[in-house]
Amino acid sequence: MIRFLNSLTRKLEKFEPIDPTGKQVKMYTCGPTVYSFAHIGNFRTYLFEDLLQRHLEARSFMVQRVMNITDVDDKTIRNSRIAGVPLQEFTKQFTEAFFEDMRTLRIKDAQFYPAATEPENIAQMIAMIDELVKKDIAYQAEDGSVYFRINRFAHYGQLAHLDLDELRPSGRVQSDEYEKENLGDFALWKAWDAEDGLVGWDSPWGRGRPGWHIECSAMATRILGPQIDIHCGGVDNLFPHHEAEIAQSESCTGKKFVRYWLHSAHLLVEGQKMSKSLGNFYTIRDLVARGFTGREIRYALLCVNYRLQLNFTFDGMTQARQSLLRIDEWLQRLRDLAGNVAADPAFAPAHSDAFFAALDDDLNISAALAELFEQIRATNRLMDSNQLESGEAAALLQWWQRVNQVLQIQSDEEVVPPEVQQLLEARAASRASKDWQRSDALRAKISELGWFVKDTRDGQKVTKSIK
RNA sequence: GGCGGGGUAGCCAAGUGGUAAGGCCGAGGUCUGCAAAACCUCUAUUCGCGGGUUCGAUUCCCGCCCCCGCCUCCA
């Protein structure tokens, strides 16, 4: 039984999709606003969503996932103006960078990546706003923008558990938005102004652009229909973004929009909030430039439960690297032992389902990884005393395939270059004649080429050096 | 002021009314000509503080302290 902590009810709930066959899962994940490179905090959320999708698939669900690309909003417009580049051209580069980073982190592609500015999406947004205006839930204010009347949606505030009457205006509320009937009313359609330049679409309310919240409601309902199973995002989206999505979508369709809301916590960097001014703001590229691989970043960002604040540190990156090496070594031992022998079907590895069972419990990744490492230690012990059969090793490798399908942390295949191979052969020969000096010299040469040799019972083993 | 998350070994971090998973670091050992980023073993009489309930609490209740987040467009 899979259970998730639903932000809406704040309870741990059994997961059951809407689909009558119980197999199809409709999942909507809030994607990036492509105004610059996404940072590790963004990717922490995308990694959590990836783990979620992969685990559901490991449990035989068919996941249909949508991730939107917000390619028009205040920030994209502002930054494209600063760059002196047309909006589309400006957002294109960051959209591409985003997909590159997603691949670096081995995040599985969604089936749909709708962008807000695509004509069919703009059309859907206009249609929804029109519907809301006709129902008198939305209104056009004096500034020309169209706003959602939050008073017309009885459940507004239910997701964030906010009592709107007790809202204390924070510094971020612009009190000069007198055009709105109610301070909490949010924009569905923003009337064009000079700052928008060439950006704008014609609508029944004049030229303008969509508000951020309506983008997600429109794209989610257009692609997945009026009701979806899981909707995720970072906690910061909980209010007002997701609250607004519920209000808009349910006001239009009359149906419950989302069954399970899952929100990931933010991350800190070295104990502090990540910010450019503190100099602790990192993109995936920054970390790659420092010599970390995608899977190391993936592991470091994934190994803490998504609902807990994660403190990203370089010590943590080292811990991730070391933990992965342990797994690599174990796999290599298993492969050496298994050879080409078929997996023993009668062999059921201990902890074989425990890994997945741990993830069933609201993606308890810590407990799941503990099961993996227990497995590693147990089988290493057996291999130390030659008590693991080849067929059993092969069965463990099969188990690992299932585990790795969820974790995606296996090291990339390393192809030993011919020149390194030659040096290894020469070294093997010098070792056979106990010419240790020559052996050590060759080891140094191989090291210069970026490879690390170690001598085991079964001869030399070579791996790519860590940077 | 309101709502929420968290305080478990040097670091990261699970967990349960019955006596503390796992990872990193560290120590010892094994293997090795040496080396190794390898393997094994060990490493919290104790779970922020003070009360209470209980045969027994880290786990339940009450009070307190500290850290963090959100409260109208930041994953």
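All chains are named by letter (A, B, ...) in the order of the sequence lines, taking the proteins before the strands, and each is independently numbered beginning at 1.
Against RNA chain B, the stretch residues 306-313 of chain A makes heavy-atom approaches under 4.0 Å through A/Leu308, A/Gln309.
Residues satisfying the side-chain contact (heavy atoms from CB on, under 4.5 Å) criterion with A/Ser275, sequence neighbours excluded, are A/Ser277, A/Leu278, A/Asn280. Every residue two or more places apart in sequence or in another chain that forms a side-chain contact (heavy atoms from CB on, under 4.5 Å) with A/Asp440 is listed here: A/Arg443. A search for side chain to side chain donor-acceptor pair (under 3.5 Å) contacts involving A/Thr95 returns nothing, not counting sequence neighbours. In this structure, the side-chain contact (heavy atoms from CB on, under 4.5 Å) partners of A/Arg438, at least two apart in sequence or on a different chain, are A/Ala426, A/Ser430, A/Asp435, A/Leu442. Under the ring-ring contact (aromatic ring centres under 6.0 Å, His included) criterion, A/Phe452 pairs with no residue, sequence neighbours left out. For A/Asn68, the side chain to side chain donor-acceptor pair (under 3.5 Å) partners are A/Tyr28, A/Thr70, not counting sequence neighbours. For A/Glu13, the salt bridge (charged side-chain N to carboxylate O under 4.0 Å, His left out) test picks out no residue, with sequence neighbours left out. Partners of A/Ala83 according to the side-chain contact (heavy atoms from CB on, under 4.5 Å) rule, which considers only residues two or more places apart in sequence or in another chain, are A/Val85, A/Phe90.
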Pairs under 3.5 angstrom, nitrogen or oxygen only, protein versus nucleotides 24-27 of chain B, please.
residue: B/C25; atom: OP1; partner: A/Gln322; partner atom: NE2; Å: 3.4

Please write out the pairs of protein N or O atoms and N or O atoms of nucleotides 28-30 of chain B separated by less than 3.5 Å, giving the distance to one decimal.
none

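A/Leu301 has its CG atom 13 Å from the P atom of B/A13, to the nearest Å.
A stacked arrangement is not assigned to A/His266 and the six-membered base ring of B/G69, the conditions of a centre distance below 5.5 Å and an interplanar angle below 30° not being jointly met.
Across all strands, A/Lys434 comes closer than 4.0 Å to no nucleic acid atom at all (heavy-atom distances). Heavy atoms of A/Arg443 sit under 4.0 angstrom from at least one base atom.
The side chain of A/Arg377 contributes no N or O atom lying less than 4.0 Å from OP1 or OP2 of B/C39. Taking only side-chain nitrogens and oxygens, A/Lys273 never comes nearer than 4.0 Å to OP1 or OP2 of B/A75. Residue A/Asn364 has no polar side-chain atom (N or O) positioned under 4.0 Å from OP1 or OP2 of B/A14.
Nucleotides B/G7 and B/G29, compared at atom P, are 37 Å apart to the nearest Å. Here, B/C42 and B/U32 have their P atoms 23 Å apart, quoted to the whole Å.
Comparing A/Lys464 and A/Ala370 along RNA chain B, the residue whose closest nucleotide (by nearest heavy atom) sits nearer the 5' end is A/Ala370.
Of the nucleotides present, none pairs with B/A57 by Watson-Crick or G-U wobble criteria with both distances under 3.5 Å. Both distances falling under 3.5 Å, in either a Watson-Crick or a G-U wobble arrangement, place B/C3 opposite B/G69. When both pairing distances are held under 3.5 Å, B/G63 makes a Watson-Crick or G-U pair with B/C49. Remark: B/G26 base-pairs with B/C42; criterion is Watson-Crick or G-U wobble with both hydrogen-bond distances under 3.5 Å. In this structure, B/A21 makes no Watson-Crick or G-U wobble pair, since no nucleotide meets both defining distances under 3.5 angstrom.
Scanning all heavy atoms of the two residues, the minimum distance from A/Cys232 to A/Met27 falls at SG-CE, 4.3 Å.
Checked against the 6.0 Å centroid criterion, the rings of A/Tyr156 and A/Phe148 do not qualify as a close aromatic pair.
The salt bridge (charged side-chain N to carboxylate O under 4.0 Å, His left out) analysis of residues 229-244 of chain A, with sequence neighbours excluded, yields no pairs.
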Evaluate the side-chain contact (heavy atoms from CB on, under 4.5 Å) criterion for residues A/Cys30 and A/His242: first the C-alpha distance (whole Å), next the side-chain angles of each, then the deciding distance (0.1 Å), finally the verdict.
CA-CA 10 Å; A/Cys30 279; A/His242 290 160; 3.3 Å; yes
